[in-house]
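Following: one structure in structure tokens, then a few remarks.
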Amino acid sequence: MPSRYSVYLSAIGASVIEELAERNRDREQALSVSREVIRFSANAIRAVHRGAFEDARELISKGAVRLSDADHIATSSPSIFNAGFMNDARKEFTEANVTLAVISGSDIPSINDLKVDAAAYINGMAEVIGELRRYILDALRRDAVDGCQEFMDIMDEMYSVLVTIDFPEGVTSGLRHNTDAMRGVLERTRGDLTMALRQHSLEARLAEWENNRNGS
């Protein structure tokens with residue numbers, strides 16, 4: 001014989017199932033959005049390194065649309081909206097946007113422009129330092145040293161800003177770990193660039209000496 005709690009327990013069970021079903025739908029959508037945004041962002045960065053800026057912008061635009069598809073999850077399932085995989089997607093999206101802006105010579109988009117949270121933004125910017133190292137090394141391999149020092153200066157400026165952000169790791173989503181890693185990237189890049197510039201200067205002086213000798 002049902003107890004006097006049967007009706008209440010049935011109602012509780014139904015409400016729990018309904019809430020968890022909605023959370024599960026949000027989770028599945030968020031996972032899909034995260035995967036696609038990360039893929040779009042990675043492909044956009046590759047396009048930037050090829051100099052295909054319009055392709056990069058198109059991929060970033062697709063990523064922005066997919067991120068906006070998950071906006072409602074911030075209200076319906078905030079724990080999922082702020083889950084690690086969604087934070088990774090917003091970080092990668094930031095990295096793609098800032099990488100494109102710096103290398104193409106455009107204005108760096110703000111947090112409000114990208115509609116991401118501060119932690120995702122600053123960690124994405126930290127990753128841009130690594131992308132600028134890659135760009136400089138590619139340029140040096142092509143013996144295209146012009147502009148490399150400017151990008152080196154931008155890397156320094158980004159790092160200088162990031163190290164001033166001193167909050168617990170739980171607030172910054174591990175920024176200190178990223179900035180520690182980027183310090184090594186900066187030091188290696190500075191060394192590589194210094195050697196390349198010296199080599200380039202030596203070759204230029206030798207070429208000038210050869211021309212003067214042949215012309216005399």
Side-chain angles (χ1 to χ4, degrees), residues 1-48 55-101 108-131 161-162 164-182:
M1 181 176 179
S3 73
R4 63 192 182 94
Y5 294 114
S6 296
V7 174
Y8 299 106
L9 290 173
S10 295
I12 289 171
S15 65
V16 167
I17 290 171
E18 181 180 356
E19 180 178 335
L20 292 180
E22 180 180 17
R23 187 178 301 177
N24 188 57
R25 286 193 297 271
D26 287 344
R27 179 179 178 277
E28 291 300 316
Q29 183 181 13
L31 284 168
S32 175
V33 166
S34 173
R35 286 191 292 265
E36 290 187 46
V37 170
I38 289 173
R39 185 174 72 251
F40 285 139
S41 299
N43 289 338
I45 290 172
R46 282 193 283 270
V48 170
D55 290 347
R57 291 187 182 97
E58 182 178 348
L59 288 161
I60 285 171
S61 179
K62 291 179 179 178
V65 170
R66 289 301 284 138
L67 274 179
S68 67
D69 289 341
D71 284 348
H72 68 93
I73 298 176
T75 301
S76 59
S77 301
S79 62
I80 291 172
F81 186 80
N82 294 304
F85 58 87
M86 283 298 292
N87 288 332
D88 286 343
R90 290 187 284 268
K91 181 191 75 172
E92 298 294 325
F93 180 71
T94 299
E95 180 185 354
N97 275 275
V98 177
T99 298
L100 172 61
I108 294 177
S110 68
I111 296 175
N112 291 333
D113 291 333
L114 301 185
K115 299 178 182 177
V116 298
D117 59 283
Y121 187 89
I122 56 178
N123 281 286
M125 180 172 286
E127 298 290 339
V128 173
I129 294 174
E131 294 303 328
V161 169
L162 293 173
T164 65
I165 302 172
D166 187 19
F167 292 95
E169 293 289 88
V171 174
T172 64
S173 297
L175 177 65
R176 183 169 298 174
H177 173 78
N178 281 337
T179 52
D180 286 346
M182 290 307 110

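No experiment lies behind these values; they were computed from the predicted model shown.
- Residues forming a side chain to side chain contact (heavy atoms under 4.5 Å, CB included) with I60 (at least two apart in sequence, or on another chain): A44, F93, A96, N97, L100.
- For the atom pair CD1 (I165) and CE (M125), the distance works out to 8.5 Å, reported to the nearest 0.5 Å.
- Take D180 and apply the salt bridge (charged side-chain N to carboxylate O under 4.0 Å, His left out) test, not counting sequence neighbours, and it matches R183.
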Name the atoms and distances for all side-chain donor-acceptor pairs under 3.5 Å in residues 166-175, with sequence neighbours left out.
residue, atom, partner, partner atom, Å
D166, OD1, R176, NH2, 2.8
E169, OE1, R176, N, 3.2
T172, OG1, L175, N, 3.3

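- Taking the salt bridge (charged side-chain N to carboxylate O under 4.0 Å, His left out) definition, one finds that D55 meets it with nothing, sequence neighbours left out.
- Rounding to the nearest 0.5 Å places CG of D26 at 11.0 Å from CZ of F81.
- The structure places CD1 of I12 at 12.0 Å from CD1 of I17, a figure rounded to the nearest 0.5 Å.
- Within the model, atoms CZ of R90 and OG1 of T94 stand 9.5 Å from one another, a figure rounded to the nearest 0.5 Å.
- Applying the salt bridge (charged side-chain N to carboxylate O under 4.0 Å, His left out) test to R23 and every residue at least two apart in sequence or in another chain returns E19.
- Crowding of R27 atom CZ: a count of heavy atoms from other residues, nucleotides or ligands under 6.0 Å not exceeding 12.
- K62 has its side chain within reach of E58: a pair of non-hydrogen atoms, C-beta onward, lies under 4.5 Å apart.
- Listed by first and then second residue, the salt bridge (Lys or Arg N to Asp or Glu O under 4.0 Å) pairs involving residues 68-78 are R66-D69 (not counting sequence neighbours).
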